[in-house]
Amino acid sequence: EYRVRIGHGPTYERVEEVVTVDGEVMIDAVIDEVFPNPGVLCGDFHLHTHGSVDSSDRADDKLRSVVANGLQIAVRTEHEVIRDYSPIISDLGLDSFVKGFVGVELTTVEYGHFNTFPLEMRNGPGNGTPLWPGLLPSELFDAVRDRPEAPTVTINHPRSGGALQGYFNAAGFDAVTGTVERPEMWDEEFRVVEIFNDSNFESNREGTVADWFSLLNQGRQIAAVGSSDSHRLNSVPPGYPRTCLQLGTNVPSEVTGPALQAALERGASVIYGGIDLRVSGPDGAAPGDTVTESGATAMFNVTLIAADYVSVDRLEVIVDGITTQTIPVDTLGAGVRYDEDIAIDVAEAGSWVIFHASGDEAYDANGSQPFAVSNPVFLTR
C-alpha cells in the first residue's frame with residue numbers, strides 16, 4: 001500500500017489516496033486553487049542544482065519541482081558561478097508558468113554567503129562572478145552594487161554555520177544592543193536579509209527574527225525574505241518558505257528584473273509557509289509601505305486563508321518588536337479562516353507593525369509547520 005498525495009503547492013487543495021499497487025493504478029485528481037491572489041507572484045530566491053558542488057539535482061528536475069510546487073519566480077544561486085535558468089525553462093515549455101533570473105551565491109569562507117541578482121554572465125572565473133578574496137564585506141557589496149546590472153545583495157542565513165556562513169556572526173552583531181564587535185566588517189546599506197531559510201518564524205524567534213527586529217528598531221528598513229535553500233529535492237524541495245510579492249501581475253513573463261528588485265528591497269511581500277496572509281492598513285497601505293499622519297491609532301484589516309489540510313491556530317500582532325496581541329483562530333476548512341480589523345497603537349516617534357500567523361500541525365511529509373509573516377508597514381503620526 002502507498003499513500004499518494006497530489007497537489008500544486010499549499011495554495012491549492014490536495015488529493016490524497018491510499019492505493020494498493022499491483023500493476024498500473026490510475027487516480028483521477030482535481031486540485032482547485034484555494035486563494036488566487038491578484039497581482040501577486042511567489043518566488044524562491046535561493047536554489048541550487050548540479051551547478052553547485054554540494055548539490056546533485058539536475059537543473060531541469062529542479063525547475064519541474066519549482067512549477068509543481070506552485071512557484072512563479074526562480075532565482076538560480078549556485079555557489080561561485082553565475083548560471084541562468086531561462087534557456088532550460090524555454091526548453092521545457094514552462095515559460096507561461098515560471099520566470100528565471102540569473103544569480104549567484106557568493107560563498108566566502110570568511111564572513112558569510114550572499115545571494116546576488118540579477119546578473120549577466122561574463123568571461124572569467126565563475127562566468128564573471130564577483131571576486132571576494134581580500135575584500136571586506138562592505139567593499140564586496142559596493143563592488144557588486146557598482147556593476148551595470150545594479151544587483152540586489154541578500155544576506156543569506158546570517159546566523160548559520162558560525163562566521164564562515166553567517167555574516168551576522170562574522171561581524172559580531174548583537175541584537176540586544178544593536179552594536180557590532182567588528183565595525184570594519186559591517187555594511188550600512190544592505191536592505192534584504194534571508195530571515196527564513198527552510199524554516200519558520202518560531203524556530204527563528206530568538207535568532208534571525210530578533211536580528212531583524214533590532215535592525216528595524218534602529219531605523220533600518222530591512223526587508224525579510226524566505227527561501228528553501230534547496231540543494232536536494234528528496235529532502236528540501238523548493239517553496240518552503242516562499243516570498244510572495246506584490247508585482248501588479250499574475251503573469252511571470254511580465255516581471256522585469258528592476259520591478260522584482262524594487263518590490264523585494266521595499267518589502268512589498270509576505271513570506272508564506274502554507275498560509276496566505278493579507279494585510280491592508282490606512283488608505284490601503286500594504287507591507288513595505290509607509291503611512292504618514294496615521295494618528296495615534298491605525299486600523300488594519302488582516303485576512304488569513306488556507307487549504308483545508310493546513311492548520312491555522314493563531315495570529316500574532318507585533319509592534320516595534322513587541323507582541324501586543326495573540327489572537328486565537330478557531331475556524332477550519334478551505335478558504336478564509338480569519339478576516340477582522342485590528343487597531344494598532346502608534347508611538348509618538350512612529351512605529352512599525354508586522355503580522356505573524358501560525359499553525360500547530362505539519363502539513364507535508366517534510367514536517368513543514370504552517371506560518372506566514374508580513375514585512376513591516378511603517379507608521380508615522
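Legend: residues meeting ring-ring contact (aromatic ring centres under 6.0 Å, His included) with Phe213, ordered by chain and number and at least two apart, are Trp352.
Here Trp186 and Tyr167 bring their ring centres to under 6.0 angstrom of each other. For an aromatic pair to be called close, the ring centres must be under 6.0 Å apart, and Phe114 with Phe190 fails this.
Each of Leu260, Thr243, Val66 was compared with Ile73 under the side chain to side chain contact (heavy atoms under 4.5 Å, CB included) criterion, and only Leu260 meets it.
Under 4.0 Å is where a charged nitrogen must lie from a carboxylate oxygen, and between Glu78 and Arg76 at least one such pair does. Salt bridge status for Lys62 with Asp44: absent, with no side-chain N to carboxylate O gap under 4.0 Å.
For the disulfide (SG to SG under 2.5 Å) condition, no pair includes a residue of residues 114-151, sequence neighbours left out. The disulfide (SG to SG under 2.5 Å) analysis of residues 50-168, with sequence neighbours excluded, yields no pairs. Sequence neighbours left out, the pairs with a member in residues 168-284 that pass disulfide (SG to SG under 2.5 Å) are Cys42-Cys244. Annotation: disulfide (SG to SG under 2.5 Å) contacts involving residues 162-214, sequence neighbours excluded, are absent.
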Please report, to 0.1 Å, the donor-acceptor pairs under 3.5 Å made by any side chain of residues 297-304, with sequence neighbours excluded.
{"residue": "Asn301", "atom": "OD1", "partner": "Thr303", "partner atom": "OG1", "Å": "3.3"}
{"residue": "Asn301", "atom": "ND2", "partner": "Asp339", "partner atom": "OD1", "Å": "3.1"}
{"residue": "Asn301", "atom": "ND2", "partner": "Glu340", "partner atom": "O", "Å": "3.4"}
{"residue": "Asn301", "atom": "ND2", "partner": "Asp341", "partner atom": "OD1", "Å": "3.0"}
{"residue": "Thr303", "atom": "OG1", "partner": "Asp339", "partner atom": "OD1", "Å": "3.3"}

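Ser227 and His46 are not linked by any side-chain donor-acceptor pair at a separation below 3.5 angstrom, with hydrogens and angles left out of the test.
Among all heavy-atom pairs drawn from Asp57 and Arg232, the shortest one is OD2-CA, 3.2 Å.
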